[in-house]
Amino acid sequence: MNNLAERAAPRPWLVLALLLAAALVAMALFMTLNARGSWDFVLPFRGRKLWALVLVAYAIAVSTVLFQTVTENRILTPAIMGFDFLYQFVQTGLVFILGGFAYATLDPMLRFGGDVLVMVGLATLLFRWLFGTGARSLHLLVLVGIVFGVLFRSLSGLMQRLIDPNEFVVLQDALFASFNTVPPELLLVATGLIVAASLIALPLLSRLDVLLLGRDTATNLGVDHRRTVALVLVVVAVLISVSTALVGPVLFFGLLVANLAYLAMPGYRHIEVLPAAVLIGVVGLVGGQAGPEHVFGYNTALAIIIEFVGGVTFLVLLLRKAPR
Amino acid sequence: MANGLKLAAAALGVLVLAAVSLFIGVSDVSLASLLSSAPDDRPVQVLLISRIPRTIALVLAGMALSVAGLIMQMLARNRFVEPSTAGTVESASLGLLTVTLLAPDMPLMGKMLVAALFALAGTALFMQLLRAVPLRSALVVPLVGIMLGGVIWAVTQFFAYRFDLLQTLGAWTIGDFSGVIRGRYELLWLAAALTLVAYVAADRFTVAGLGEAFTTNLGLNYRRVLTLGLSIVALVTAVVVVTAGSIPFLGLIVPNLVSAVMGDNMRRSIPWIALTGAAMVLVCDIIGRVIRFPYEIPIGTVFGVVGSAIFLWLLLRRREQLG
């Protein structure tokens, strides 16, 4: 299989260079398309948006690929497992418990950090519960994940209606940050978290390649499976928190990006797949945002299109062959 | 006749819940205020115009959706199928959106029928998909349905977004009975009639669930039974979506809970399923009205929590049995 894969993609670095070029073109288009007025205003304004988009693309792509490696499949993603909604649930829960005023007056760093910490704990618990006790049907996990998503969303909805309208306004600010209104300090915190998560993940990459051989083989080869999975989960939870805080739940984007990256990099090595996934994510998100926003004049359409294409992809993946 | 007695007791329980539902609300309606006021006074009018229609709507919707879920489960031969995991609800919403855009002046009945046609088409597409693929696991079936629903939903959202109807779309997806008053729920009687038809035809659905060859062998027209069943499901879904909005997973969990206690004799369990469904909807609506009094929480949100929690329990419990 490895020989075949290497024949199919003889020069992974060439593919990466092409993807990088495409990503750069998309970014350039995003910065300059239809720019009217003073560059002093346009460049910082769009620069912030671009920064947020790149962060989100990075977070979603990396978290999905890592999660799929750990769970040994190509269908399950953190978003489909309801992790995005779990993050919103954590935020709502904190406002619910602390009260809107206390939550709003917390230092943004501390607040975001608290959200992320609770998120890491809950995600790890959920993961241990579902994946901890041996082999399990993949379909069951997907279905359970989807229903968990509904549960978290409904619980958040319920709590949002239970809290005071004034406190709800606080929450709304936290939940519905859009690219146009991302505050600079949130961007800084998000960048810091992503760098930290990446630093944890970087030394794991070669071990993750071994993990692709399956749990038993990996253990046999000397990989501490439990520890590696726990670390990866922390990274995934942090990345999901960042992306959800910046754009809200995005159900299928990770699935699309990860599977495109596997197609582009049939060598399966993380050092190749991860950059490819990130670059594809940037092309998709920045290019997609530059396209609809400037050409058609609206941007919600992007989320809807992703949902449509992602849903069809998921159906095809589900029905085409027995998933691993 | 122990079953008959138990059934009567359960019906009495539903009646008690319905009575409780009648007397909850901001406006003062109690036995005392009803007796002491004239027919044109506020308490009587509130009772007649708002409370009674709402309670009836709750009972009818709960019964009809639960039985519709059971029919789908028989026909698709899968325990985890129901209108919201088969693309039916999303298709009905798409139909409703289409008719709202193209013929906004059409009477409610006409809109409902268009929505039902779309729901039927969507459900038929789902059944066709199931036939086309060799299935490896029973859990693939609801997954396919949920994803198909997601795709149809994306299309619906796209048009709603283009024509500024996203908010209206929200009203169809999150079930809410607070807007139900006299003159705005009567379509649900149609759903009740369909539930009765389902009861009469129960044995046919059981047979159809055993497969086309088997059904034909017994002298039944398989396609006709299938069409009848899917039409009932589509019409019930459309009626509920039009009048109150969808209630996720209701049709899934009620038949499963009843079958866990009673087994799978469909004709015997249909009355139980109808009563349990009505009771569940009543209880969740009452919770939604009491938990943040005097404000209301839509039943779709309350049931989203209750329903998905029970669904999870069903899924994970089943696994432990297998393992």
Side-chain angles (χ1 to χ4, degrees), chain A residues 75 80 82 85 89 129-130 133-165 251-252 255 296 298-323, chain B residues 80 84-85 129-130 132-144 146-162 166 174 248-249 252 287-288 291-292 295-298 300-316 318-320 322-323:
Chain A
I75 291 185
I80 292 174
F85 294 117
F89 171 65
W129 181 39
L130 289 178
T133 51
R136 208 154 271 187
S137 146
L138 177 66
H139 296 133
L140 179 71
L141 289 172
V142 182
L143 197 56
V144 165
I146 290 176
V147 181
F148 260 117
V150 178
L151 178 66
F152 293 137
R153 201 173 27 187
S154 307
L155 272 175
S156 311
L158 193 66
M159 280 196 290
Q160 282 165 20
R161 283 174 187 269
L162 285 179
I163 58 184
D164 206 53
L251 197 54
F252 286 120
L255 182 81
F296 305 115
Y298 54 91
N299 55 27
T300 310
L302 180 64
I304 296 172
I305 291 168
I306 289 177
E307 207 169 314
F308 181 80
V309 180
V312 173
T313 311
F314 191 92
L315 272 177
V316 171
L317 280 175
L318 202 61
L319 299 177
R320 196 187 47 188
K321 56 179 182 185
Chain B
F80 295 120
S84 70
T85 59
L129 261 181
L130 289 191
V133 283
L135 295 171
R136 289 165 203 92
S137 139
L139 296 164
V140 176
V141 174
L143 273 178
V144 169
I146 290 174
M147 286 305 145
L148 179 68
V151 171
I152 296 173
W153 187 240
V155 175
T156 315
Q157 265 189 318
F158 184 76
F159 286 111
Y161 181 75
R162 288 307 304 262
L166 273 179
I174 299 178
F249 301 148
L252 192 152
I287 292 176
I291 194 170
R292 183 90 176 102
Y295 306 105
E296 283 198 17
I297 293 168
T301 305
V302 178
F303 206 87
V305 176
V306 177
S308 45
I310 300 180
F311 189 5
L312 280 174
W313 176 72
L314 285 171
L315 281 171
L316 296 170
R318 194 167 156 278
R319 185 198 67 213
E320 268 148 29
L322 291 176

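Labels below follow one simple rule: chain letters A, B, ... track the order of the sequence lines, proteins then strands, and each chain is numbered from 1.
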Inset, instruction - Select, from B:Ile146, B:Val306, B:Ile152, B:Ile297, the one with the greatest count of heavy-atom pairs under 4.5 Å involving chain A. - result: B:Ile297
Inset, instruction - Measure the shortest side-chain to side-chain distance between A:Glu307 and B:Phe158 over non-hydrogen atoms and say whether it is less than 4.5 angstrom. - result: no
Inset, instruction - Against chain A, label B:Phe303 side chain, backbone, both or neither, depending on which of its atoms sit under 4.5 Å from a heavy atom there. - result: neither
Legend entry - B:Val305 versus A:Leu158, closest heavy-atom pair with distance: CG2-CD2, 4.2 Å
Inset, instruction - Go through B:Gly288, B:Ala154, B:Gly150 and name the one with the most non-hydrogen pairs under 4.5 angstrom from chain A. - result: B:Ala154
Inset, instruction - Report yes if the side chains of A:Phe308 and B:Gln157 come closer than 4.5 Å at any heavy-atom pair, otherwise no. - result: no
Inset, instruction - Would you mind reporting whether A:Trp129 and B:Leu316 have side-chain heavy atoms less than 4.5 Å apart? - result: yes
Legend entry - Nearest-0.5 Å distance, CG of residue A:Leu315 to CG of residue B:Leu143: 9.5 Å
Legend entry - Point-to-point distance, once rounded to the nearest 0.5 Å, from CD1 of B:Ile310 to CG of A:Leu151: 11.0 Å
Legend entry - Side chain / backbone / both / neither for A:Phe152 at chain B, heavy atoms under 4.5 Å: neither
Inset, instruction - Count the heavy-atom pairs under 4.5 Å between each of A:Leu162, A:Ile146, A:Leu155, A:Val150 and chain B, then report the option with the highest count. - result: A:Leu162
Legend entry - From OG1 (B:Thr301) to CE (A:Met159), nearest 0.5 Å: 12.5 Å
Legend entry - Contact origin within B:Ile291 toward chain A - heavy atom pairs under 4.5 Å: both
